[in-house]
Amino acid sequence: MEGRERTVAAGAPAAAPSAGALLVVLVGTFITVLDFFIANVAVPAIKADLHATAAQAQMIVVGYGVAFTSGLITGGRLGDLYGRRRMFALGMALFMVASAACSFAPTVTVLVVARIAQGASAALMVPQVLGIIGTVYTGAARDRAFNVYGLVIGLAGVFGQFIGGALISVDVAGLSWRTIFLINVPLCLLSLACTRRTIPESRGQGGTRLDLAGALLVTVTLGLVVFALLEGQERDWPVWVWESLAGAVVLLAVTVWHLRRKAAAGRGPLIEPGMFRSRIFSTGLVATVVYFLAMGSFFFTLALYLQLGRGLSPLESGLVFLALGAGYFGASVVSARFAASVNARRVAAGPLVLAVGYTAIALTVQDLGMSGHVLWLLPALLVAGLGMGLTTGPLTNLVLGGAVPEHAAAASGLLNTAQEGGAAVGVAVAGTVFFPVLADHGGGAGAYPHAFAVTLIPLICLGVLASLLVLAAPGRTARK
């Protein structure tokens with residue numbers, strides 16, 4: 001009945017869910033992933049407009065990434081405890097307010113604080129998406145929904161550069177870079193208006209209160225790792241970075257001890273250690289980290305090569321990214337046709353195709369040098385996009401297929417952390433290769449093709465490793 005509260009217990013999905021529920025939650029996915037990438041394009045304009053220093057400009061990107069990544073697991077657990085629809089709506093409302101604050105920020109300090117608030121709001125909203133999909137949809141509909149989710153993540157990442165460049169170039173009402181944040185406001189308002197009517201409420205099991213100590217430990221540990229790796233790459237690895245990473249290792253050991261103690265006492269830990277007994281889930285989670293290390297860092301280095309090495313504008317660079325998007329979309333459509341039979345061997349083919357695409361790109365870039373036209377890159381970019389589309393949605397489906405329904409949002413928080421954390425750390429990993437090679441070859445525009453090609457070597461290895469890890473998981477086979 002309209003207006004009546006509907007609650008879906010863990011493991012008991014709503015009957016005949018509408019496509020509207022999927023559409024609403026995927027809007028939240030799209031805008032949060034988009035904001036992870038789109039700000040990179042706007043940094044030069046922001047620096048000029050707000051007179052930001054290099055460190056402040058970096059915090060516009062890093063602040064969002066650290067807050068987003070470190071809060072995802074806690075956000076997932078909050079959904080299990082207090083309702084996934086409720087936490088999704090709250091996260092979206094806060095994200096909308098933070099986006100408005102970003103768009104009207106009078107100083108760079110206000111912008112950095114608003115970006116951190118954006119990341120924290122996204123961390124509350126995003127884990128509920130997979131939790132809602134996993135509990136509301138069943139069977140083939142659930143598998144198709146996961147594949148559409150993967151498609152949306154890829155399109156947001158691939159088209160983030162293009163959308164950002166287009167908005168800045170059009171310069172609506174003279175707002176310049178502010179439009180990339182302001183556009184979130186009407187999208188959030190529309191989604192919030194539809195949330196209650198389309199999404200049934202659902203909760204998890206295990207404990208009735210949030211494990212505050214566990215939430216603090218997990219958030220600080222993840223935040224230390226991501227912040228240290230991102231800042232270390234920018235600041236040439238000072239001593240404090242290594243001290244932070246060492247401290248994170250100690251905190252990780254304390255976190256594991258705390259979670260096991262809470263689980264043994266039956267007191268609802270933030271992360272249920274029993275989740276990792278599933279080989280599909282645990283191995284797939286590691287494969288997800290490795291895959292996103294290879295994917296997220298590629299976007300970063302390709303943008304540097306196109307804009308600083310080949311002199312393309314943000315909009316022109318974004319148009320080149322469309323080749324990736326075409327491959328991604330085509331492969332995602334194909335993957336959706338086999339959604340009901342997620343097989344480890346089929347999923348493992350995706351990272352291998354990605355590695356082939358990266359190899360073709362490296363060889364093409366080396367051959368082009370500074371004189372060949374960048375359009376020769378399009379076929380290789382298309383292949384890389386195919387690899388991404390064959391991996392993201394099906395791998396998500398495979399991993400969450402190994403998680404128990406009562407921990408759907410917590411498992412989603414872990415998976416989202418693997419995705420976003422892998423992408424963020426991948427930028428740092430790529431930077432440790434890209435910038436030293438660039439400096440060794442003079443640092444000018446002519447050094448970018450070689451630096452980009454060399455950086456692709458570890459990314460190719462990561463793609464192969466992700467494929468091997470997927471094969472190591474006992475994959476699901478065709479459903480009856």
*Given Arg84, which of Ile132, Val129, Leu78, Val25 fulfils the side chain to side chain contact (heavy atoms under 4.5 Å, CB included) condition?*
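Single pass found, and it is Ile132.
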*With ring centroids as reference points, do Phe68 and Tyr64 lie under 6.0 angstrom apart?*
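Close enough - the centres of the two rings lie under 6.0 Å apart.
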*For Leu222, which residues count as a side chain to side chain contact (heavy atoms under 4.5 Å, CB included) partner, sequence neighbours excluded?*
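So Leu222 forms a side chain to side chain contact (heavy atoms under 4.5 Å, CB included) with Ser70, Ile73, Val218, Thr417.
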_Ala362: partners by side chain to side chain contact (heavy atoms under 4.5 Å, CB included), with sequence neighbours left out_ =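 Expected list: Ala453, Leu456.
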Going from [atom1] on [X] to [atom2] on [Y], what distance comes out if it is rounded to the nearest 0.5 angstrom?
X: Phe181; Y: Ser103; atom1: CZ; atom2: OG; result: 8.5 Å
X: Ile133; Y: Leu26; atom1: CD1; atom2: CG; result: 5.5 Å
X: Ser121; Y: Asn184; atom1: OG; atom2: CG; result: 11.0 Å
X: Ile361; Y: Gln366; atom1: CD1; atom2: CD; result: 13.0 Å
X: Leu469; Y: Leu462; atom1: CG; atom2: CG; result: 10.0 Å

Which heavy-atom pair separates [X] from [Y] by the least distance, and what is that distance?
X: Ala418; Y: Thr288; result: CB-CG2, 4.0 Å
X: Ala101; Y: Ala114; result: CB-CB, 3.9 Å
X: Ala451; Y: Val437; result: CA-CG1, 3.7 Å
X: Thr29; Y: Thr32; result: O-OG1, 3.0 Å
X: Ala360; Y: Thr364; result: O-OG1, 2.7 Å
X: Leu415; Y: Leu285; result: CA-CD1, 3.8 Å

Kindly indicate whether the side chain of [X], heavy atoms from C-beta on, has any atom under 4.5 Å from the side chain of [Y].
X: Tyr448; Y: Leu308; answer: yes
X: Phe452; Y: Leu438; answer: no
X: Leu368; Y: Val374; answer: no
X: Thr396; Y: Gln419; answer: yes
X: Phe95; Y: Val126; answer: no
X: Leu216; Y: Val220; answer: yes

*Can you check side chain to side chain contact (heavy atoms under 4.5 Å, CB included) on Leu354 and Met388, steps first, answer last?*
CA-CA 6 Å; Leu354 180 66; Met388 294 175 186; 3.7 Å; yes
_Hydrogens and angles aside, do Tyr328 and Thr392 bring a side-chain donor and acceptor to less than 3.5 Å of each other?_
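There is such a pair between these side chains.
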Between [X] (side chain only) and [Y] (backbone N and O only), is there a donor and an acceptor less than 3.5 Å apart?
X: Thr69; Y: Val66; result: no
X: Thr179; Y: Ser176; result: yes
X: Thr219; Y: Gly71; result: no
X: Tyr358; Y: Ala294; result: yes
X: Arg115; Y: Ile60; result: yes

*For the pair Ser99 and Gln118, evaluate side chain to side chain donor-acceptor pair (under 3.5 Å) and give the outcome as yes or no after the intermediate values.*
CA-CA 7 Å; Ser99 296; Gln118 252 195 330; 2.9 Å; yes
*Check step by step if side chain to side chain contact (heavy atoms under 4.5 Å, CB included) holds for Arg77 and Thr74.*
CA-CA 5 Å; Arg77 185 59 181 149; Thr74 302; 5.7 Å; no
Side chains of residues 296-306: which donor-acceptor pairs under 3.5 Å do they make with residues two or more places apart or in other chains?
residue, atom, partner, partner atom, Å
Ser297, OG, Leu293, O, 2.5
Thr301, OG1, Ser297, O, 3.1
Thr301, OG1, Phe298, O, 3.2
Tyr305, OH, Arg310, NH1, 3.2

